[in-house]
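Side chains included, hydrogens not; waters and symmetry mates left out as well; all remaining heavy atoms used.
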Amino acid sequence: MASEQVTRGVTRAPHRSLFYAMGYTPEDLQKPLIGIVNAFNEIIPGHIHLRELAQAAKLGVAAGGGTPVEFPVIGICDGIAMNHDGMKYPLASRELIADSIETMVVAHKLDGLVLIGNCDKIVPGMLMAAARLNIPSVYVGGGPMLTGTHRERKVDLVRGVFEAVGTFAQGTISEEELTEMELSACPSCGSCAGLFTANTMNCLAEALGIGLPGNGTIPAPYGQRKALAKLAGERLMEMVRRNVRPRDILTPAAFRNAIALDMAIGGSTNTVLHLLAIAYEAEVPLALETFDEISARVPNICKLSPAGEDRLFDLYQAGGISAVLKQLGKAGLLALDAPTATGKTLGENISRAAVRDSRVIRPLTDPYAPEGGIAVLRGNLAPDGAVVKQSAVVPEMLVHTGPARVFESEEEAFNAIMDGKIREKDVVVIRYEGPRGGPGMREMLSPTSAITGMGLGSKVALITDGRFSGGTRGASIGHISPEASEGGPLALVQEGDLIEIDIPRRQLNVKLSEEELAARRSAWQPPPPKVTGKSYLARYAALVTSASTGAVMKAPE
């Protein structure tokens, strides 16, 4: 065991003495030391209850013959960080989370990990660390929030409060009603109730095999969630005994299974960034094209908020992720022999699952759409690719041509939208918000929600080298690569240029000749960096790669 480097032998007497100072016994130090990585904090609703899950996981580890050792990691609430310069930090925090776990594990020689997180960048950061360290690991999510209600209608943070901001700006609702909604949209602890990034990643952890069945949909307040955490601790000890490591589970087949699930449920576009990053750490080759290839074969059979009216609680009642996987497996769309943290194959995990509500989980013969939820677009505006959640785009916007309305930042665009300066047919262009240019690739939930709330969701498109919240709906195309700050074609677009979007044909173009683009390119000058000095963001901007490769940090060659 790795922990023997700090617990065994005469020369480790000082090390043991420090453990005894904390109340550990000599018997404790004879057992595997298991890190309980707890992302609890008091600023994220999805994390406010994680102390209880950590305690349950510790009981499971102890019952399985290990010694649990808890330590924390940071976590950012994307909703609170939204629409100001704080949103430069969440994606960058993913790397900090992975690095901090690596630091703690290697410094203290832990033998295994139970990773307890829930929200947007915390989940992939934890899975990246597990793949990088490659010691036995199980991931446990905090679970989804219960669905809110407002005047007898289902609501959540996005299809509720964020969109109501735009509706209020239109004068359609009163400030009193907006206040009512903000008080009722988020009724419990847990990750926001729709199929946004946090819940999508928690669902994909099941398909990857590193999260246990139920991880994606058991509601946060339920006792089943605590039981899941305890079982995760027990399972982790079995993995330690059998020396089952993350890279035994995070295989190419596992990533393809996760992508297939993502397409079937219509998950967040951010999963493209995160799966690419996790695969990078696991040393599994994974290309952007794989997402589009699988999307072409896997139909979209769930329509959860923001694309539809159902929430994670509805999916839980309908049979959960295991039921969705069962549908895909029967159609030959999964590698059912993929190993998982349960000690069984994915096929064995889902063998007893059943769809309990075919309205929420449709049969493959009657899908919402014949293709998956995400499409990868290319063209002279996105030579290295762009990503759109096509399952959340209304049919009349799947093909659209309109004049570019060019903005150099999210704030500039949001103010123009709220001031009523955006018209039907416009294509809002927000640039210099990519991984390097932002830096941090800010989410554009406030602009997209305002567009929807103002009744323009079926009339206006938005394209950016930034990214979108999993709560975004509409013709919102992000991750445009290369980004503008690297001299990508998005930097060359001028006010009024015609932008052509053709999602069925996977095309994103500006109607300009190659000669005109070349002339503009020769005249283009990179803008000064938005962040300088000694900050973490300045270092991040210097090292981060393109969105098309997962926006991971790489040391210079």
Side-chain angles (χ1 to χ4, degrees), residues 37-48 50 71-105 113 115-133 139 141-142 191-192 196-202 205 268-278 280-281 410 433-445 466-471 478-479 530-531 533-547 549-555:
V37 188
N38 186 1
F40 162 82
N41 64 41
E42 295 183 339
I43 202 162
I44 310 179
H47 289 216
I48 193 72
L50 295 190
F71 64 89
V73 292
I74 64 167
I76 293 175
C77 178
D78 283 38
I80 296 174
M82 197 72 66
N83 199 27
H84 54 81
D85 62 0
M87 183 41 77
K88 296 177 184 291
Y89 282 89
L91 183 61
S93 76
R94 185 187 71 180
E95 319 307 306
L96 279 178
I97 290 163
D99 289 351
S100 65
I101 294 171
E102 173 196 340
T103 301
M104 291 294 286
V105 168
L113 294 172
L115 302 151
I116 304 172
N118 209 23
C119 289
D120 292 34
K121 312 308 169 296
I122 297 91
V123 182
M126 287 181 161
L127 298 187
M128 290 166 68
R132 182 190 303 173
L133 292 163
Y139 170 75
S191 47
C192 297
F196 315 142
T197 305
N199 285 326
T200 306
M201 287 304 303
N202 279 306
S268 165
T269 53
N270 284 316
T271 58
V272 177
L273 288 173
H274 299 327
L275 288 177
L276 288 170
I278 297 163
Y280 170 75
E281 297 289 358
E410 178 189 358
E433 291 285 11
R436 182 169 297 173
M441 205 178 179
R442 286 195 285 180
E443 290 185 347
M444 305 294 171
L445 180 59
R467 60 195 176 90
F468 297 111
S469 160
H479 306 197
K530 294 179 181 177
V531 176
K534 300 176 181 178
S535 76
Y536 170 62
L537 279 181
R539 298 195 301 276
Y540 176 84
L543 298 175
V544 70
T545 66
S546 166
T549 56
V552 296
M553 288 174 66
K554 291 184 180 179

Can you find a heavy atom in the side chain of [X] that is under 4.5 Å from one in the side chain of [Y]?
X      : Y      : value
Leu113 : Val105 : yes
His274 : Met128 : no
Ile101 : Leu115 : yes
Met553 : Thr545 : no
Phe71  : Asn38  : no
Tyr536 : Glu95  : yes

Examine distances only and state if a side-chain atom of [X] and a backbone atom of [Y] form a donor-acceptor pair shorter than 3.5 Å.
X      : Y      : result
Asn83  : Leu445 : no
Asn270 : Thr197 : no
Lys530 : Pro439 : no
Asn41  : Ile44  : yes

For [X], side chain to side chain contact (heavy atoms under 4.5 Å, CB included) partners two or more places apart:
X      : answer
Ser535 : Val531, Leu537, Ala538
Ala198 : Cys119, Asp120, Ser191
Ala131 : Leu250, Glu281, Ala282
Ser100 : Val73

Legend entry - Residues that Arg436 engages under salt bridge (Lys or Arg N to Asp or Glu O under 4.0 Å), provided they are two or more places apart: Glu486
Legend entry - Listed partners of Arg467 passing salt bridge (Lys or Arg N to Asp or Glu O under 4.0 Å), at least two apart: Glu443
List for me each residue that meets side-chain hydrogen bond (donor to acceptor under 3.5 Å, both in side chains) alongside [X], sequence neighbours excluded, and say none if there are none.
X      : value
Tyr540 : none
His47  : none
Thr271 : Asp262
Asp99  : Arg132

Inset, instruction - Tell me, with the steps shown, if Thr549 and Tyr280 meet side chain to side chain contact (heavy atoms under 4.5 Å, CB included). - result: CA-CA 9 Å; Thr549 56; Tyr280 170 75; over 6 Å; no
Inset, instruction - Decide side chain to side chain contact (heavy atoms under 4.5 Å, CB included) for Met104 and Val37; before the verdict, give the C-alpha distance in whole Å, the side-chain angles of both, and the deciding distance to 0.1 Å. - result: CA-CA 10 Å; Met104 291 294 286; Val37 188; over 6 Å; no
Enter the distance from [X]:[atom1] to [Y]:[atom2] here, rounded to the nearest 0.5 Å.
X      : Y      : atom1 : atom2 : value
Glu42  : Cys77  : CD    : SG    : 14.0 Å
Glu433 : Met87  : CD    : CE    : 11.0 Å
Met441 : Phe468 : CE    : CZ    : 9.5 Å
Tyr139 : Asn118 : OH    : CG    : 5.5 Å

Legend entry - Partner of Val123 by side chain to side chain contact (heavy atoms under 4.5 Å, CB included), out of Ile97, Ile278, Asn202, Thr200: Asn202
Over all atoms of both residues, closest heavy-atom pair of [X] and [Y]:
X      : Y      : result
Gly86  : Pro90  : O-CD, 3.3 Å
Lys121 : Ser93  : CB-OG, 3.9 Å
Gly117 : Met126 : N-SD, 3.7 Å
Ala551 : Leu273 : CB-CD2, 4.2 Å

Inset, instruction - Tell me, yes or no, whether the heavy-atom count around Ile43 atom CD1, taken from other residues, nucleotides or ligands under 6.0 Å, exceeds 12. - result: no
